[in-house]
Amino acid sequence: MPRTPISRFPHVRQDVTASLVVFLVALPLCVGVAVASGVPAELGLVTGIVGGVVTGLMRGSSLQVSGPAAGLTVLVFEAVKEFGLPALGAIVLATGLLQVLMGALRLGRYFRAISVSVVEGMLAGIGLVLIAGQLYPALAAKAPDSGLGRMAGLPGAFLDALGDGNALASLALCAGTVAVLVLWKHAPAKARTVPGPLAAVGLATPAALVLGLPVATVEVKGLLDSVQPPPMSAFAELAGVGVLGTVVAFTLIASAESLFSAAAVDRLHDGPRTEYDKELIAQGAGNTLCGLLGALPMTAVIVRSAANVQAGARTKASRVLHGVWLLLFAALLPDVLARIPIPALAGILIHSGAKLVPVRALAVLWREHRGEAFVLAVTAVSIVAVSMFEGVLIGLALAVVKTAWEASHLRLEVVDKGAGPVEAYLSGNATFLRLPKILDSLEALPQDRPVRLDLSGLHHLDHACRTALENWAERHSAAGTEPVRVTARSEEPARASAA
C-alpha cells in the first residue's frame, strides 16, 4: 500500500502550526534588533531567514530556533559605529568561519565549562545597556555613545522630554507597548494565541496612525537593496586589533548563548538531545552566510526556541518553515514595516533587556554563593562601564581567580606540647595564593625549638610554595636550632609511625 504524505510526515500539522507561532514571535524581534543595532530593518529579517532555512536544516539541536538576538545588539551597534556597515559583513563572516572551525575541532562541549555567573553577568550587562540605549528612541532623543554616557544622560533626557510634546507622545507609545507585554500573560486564553511582541506592535501601529501621533517609524529600503555583500576592502580591516577583538567577542558571545540555549531547550522536551559540536558548526554556517549577505550575526534565541517547543513542534521542519514565512513577508509585504513605530520596537527591546537582568537569581546567589554573585555583578558593571569585550574578559579573569582561590584551601595545625619539637601539619592545597598565610604562620613558631613539618596531608604543592618552605627551613635551622625535619607527601607511612 503506497504511503500517503501524512504517513511520510506524521508531524506536519504540529510543525506547521508551531512554525507560524515562531514566525509571529520572530518578526517584531528581527525588526527591533536590526533597528536597535543601527542597520536597515530588512537585515534583521535576512538573519532570521538564514537562521530558519539554512541553520534550521542542519544537524545539532532539532527544535532550537536561530536568528538575530538582543544579546548581540550592543556589540553590533558599537561595531557598526566604529568600523562601518560594510565591515560588519566581514566580521560576521569571520565569526562564522571560526565557529565552524571550533565545531570541527570538537570544542563545542567546552563552552559548557564557562562560568554561569560570567554568562549571566554578560547578559545582565547587555540588558542594562540595551534598556538605557532604547530609552532614548523612546524619548525621541539621540543616545550618547558610551554605556556610562547613556546611563548618566537619562535624567536629563527625561527632563527635556517633559517640555516636548513629540517626546511625550513617543514615550507614551513605548510605555504602552511595555505594558501590553507585561500584562499579556493575563489576557484571555484565545487572545494569547497571538504572541505578546506581535500583539504589542499590532496595537501600537494602528494606535499611532489613528491618533496621528508624531512618532518616528521604520525606514524601509527593500530586501534586495538592503543586502550588501562586504567589499574586499572590508576584509583587509580584519588585520586590525580592534576588528579582531570584535570577532572574538562575537564568537564567544554568540557561541556561548547558542549552546546555553540548547541546554535549556533540551530540558523542555524529550526528543533528541543536542549534539553540541554539530550545533556549533550549524551556527557557524549560518553566520558565514549572514556575513556574505552583509546581515546581522545570529545566535540561537531561547524565546523563539521555547515558543517553538511550547507550540508543539516535533521536528526541525517547524524552524525551517518559520524562515520561509519570514522570507515571504519580507518579499511580499515590505510596506508593512514602514508603518511600525520606532518607540514600539524600543518598548519590545526594553522588555527583552529587562528579562536579561537576573534580579531574582542574583538575590539567590548573594544568599548562597556570594563569590558567584560578585563575579556576576562585576561582569555586568564592567560591560556598562567599559565595553562588551573587555567586560567579558574581566568576568572570565575574575572567575578564574575566584576558582583558583577556592581551590587553594589550606589548613595549618600546630601541636606544641611545651617541650620537645613543635609539630606542624599542613593539609589541603598549597599554592602561591596561600603563600603569605603559610609563611606568616611558620615564622610565628618559636625560633629556639626544633620543628617537625608534616606535608603528607597536602594534595598539591606548587613550586613557589616548595621553594618558600625550603628557604624558611634553612632560616629556622640557621639560628642554631636542630634542623627542621620535613615529612614529604610521598612519605605517608612516616607520619603514621610517628603518631
Side-chain angles (χ1 to χ4, degrees), residues 33 47 51 55 60-61 64-76 78-79 91-92 94-130 245-267 274-287 290 296-306 352-353 355-358 361 372 375-376 378-380 382-383 387-400 402-403:
V33 168
T47 299
T55 303
S61 176
Q64 182 162 256
V65 183
S66 300
L72 283 172
T73 300
V74 176
L75 195 58
V76 172
E78 292 177 353
I91 292 171
V92 175
T95 297
L97 293 175
L98 190 54
Q99 286 180 305
V100 171
L101 177 62
M102 291 191 302
L105 294 175
R106 304 180 63 82
L107 300 179
R109 70 194 73 180
Y110 294 107
F111 274 88
R112 291 181 290 173
I114 297 176
S115 168
V116 175
S117 296
V118 174
V119 175
E120 290 184 342
M122 174 190 73
L123 295 176
I126 292 170
L128 292 173
V129 176
L130 189 60
T246 302
V247 170
V248 172
F250 271 41
T251 305
L252 175 64
I253 295 170
S255 302
E257 188 170 344
S258 295
L259 298 183
F260 273 101
S261 173
V265 172
D266 280 350
R267 293 195 291 269
T274 296
E275 298 177 78
Y276 286 91
D277 296 317
K278 292 179 180 178
E279 178 64 17
L280 193 55
I281 292 174
Q283 294 294 325
N287 273 319
C290 285
L296 292 172
M298 74 165 59
T299 72
V301 187
I302 187 62
V303 174
R304 287 167 231 180
S305 303
S352 298
K355 291 194 293 185
L356 292 176
V357 182
E372 295 291 333
V375 171
L376 190 158
V378 169
T379 304
S382 298
I383 288 172
S387 72
M388 173 71 64
F389 185 52
E390 286 84 352
V392 171
L393 290 181
I394 291 171
L396 288 172
L398 188 60
V400 170
K402 170 186 165 293
T403 302

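Numbers here are sequence positions counted from 1. Nothing here was measured: the structure is a model prediction, and the numbers come from that model.
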Would you say [X] and [Y] make side-chain contact, with heavy atoms under 4.5 Å?
X      : Y      : result
Val33  : Thr47  : no
Leu128 : Val357 : yes
Val265 : Thr274 : no
Ile253 : Leu72  : yes

Grab the two heavy atoms, one from [X] and one from [Y], that are nearest each other, plus how far apart they are.
X      : Y      : answer
Gly108 : Leu280 : CA-CD2, 3.8 Å
Pro358 : Leu376 : CG-CD1, 4.2 Å
Ala79  : Ile91  : CB-CD1, 4.5 Å
Ala300 : Ser258 : N-OG, 3.0 Å
Val65  : Ser305 : N-OG, 2.9 Å
Gly395 : Val118 : O-CG2, 3.4 Å

Side chain to side chain donor-acceptor pair (under 3.5 Å) against [X], all qualifying residues, sequence neighbours excluded:
X      : result
Thr73  : none
Glu120 : none
Glu279 : Gln64, Gln283
Thr55  : none

For Asp277, all residues meeting salt bridge (Lys or Arg N to Asp or Glu O under 4.0 Å), sequence neighbours excluded: Arg109
Which pairs with one or both residues in residues 247-256 pass side chain to side chain donor-acceptor pair (under 3.5 Å), sequence neighbours excluded? Gln99-Ser255
Atom pair [atom1] ([X]) and [atom2] ([Y]), whose distance is rounded to the nearest 0.5 Å:
X      : Y      : atom1 : atom2 : value
Ile383 : Ile394 : CD1   : CD1   : 9.0 Å
Ser66  : Arg304 : OG    : CZ    : 8.5 Å
Ile281 : Arg106 : CD1   : CZ    : 9.0 Å
Leu398 : Leu393 : CG    : CG    : 12.5 Å
Glu257 : Leu252 : CD    : CG    : 11.0 Å

Sole candidate of Thr299, Val76, Asn287 that passes side-chain contact (heavy atoms from CB on, under 4.5 Å) when paired with Phe250: Val76
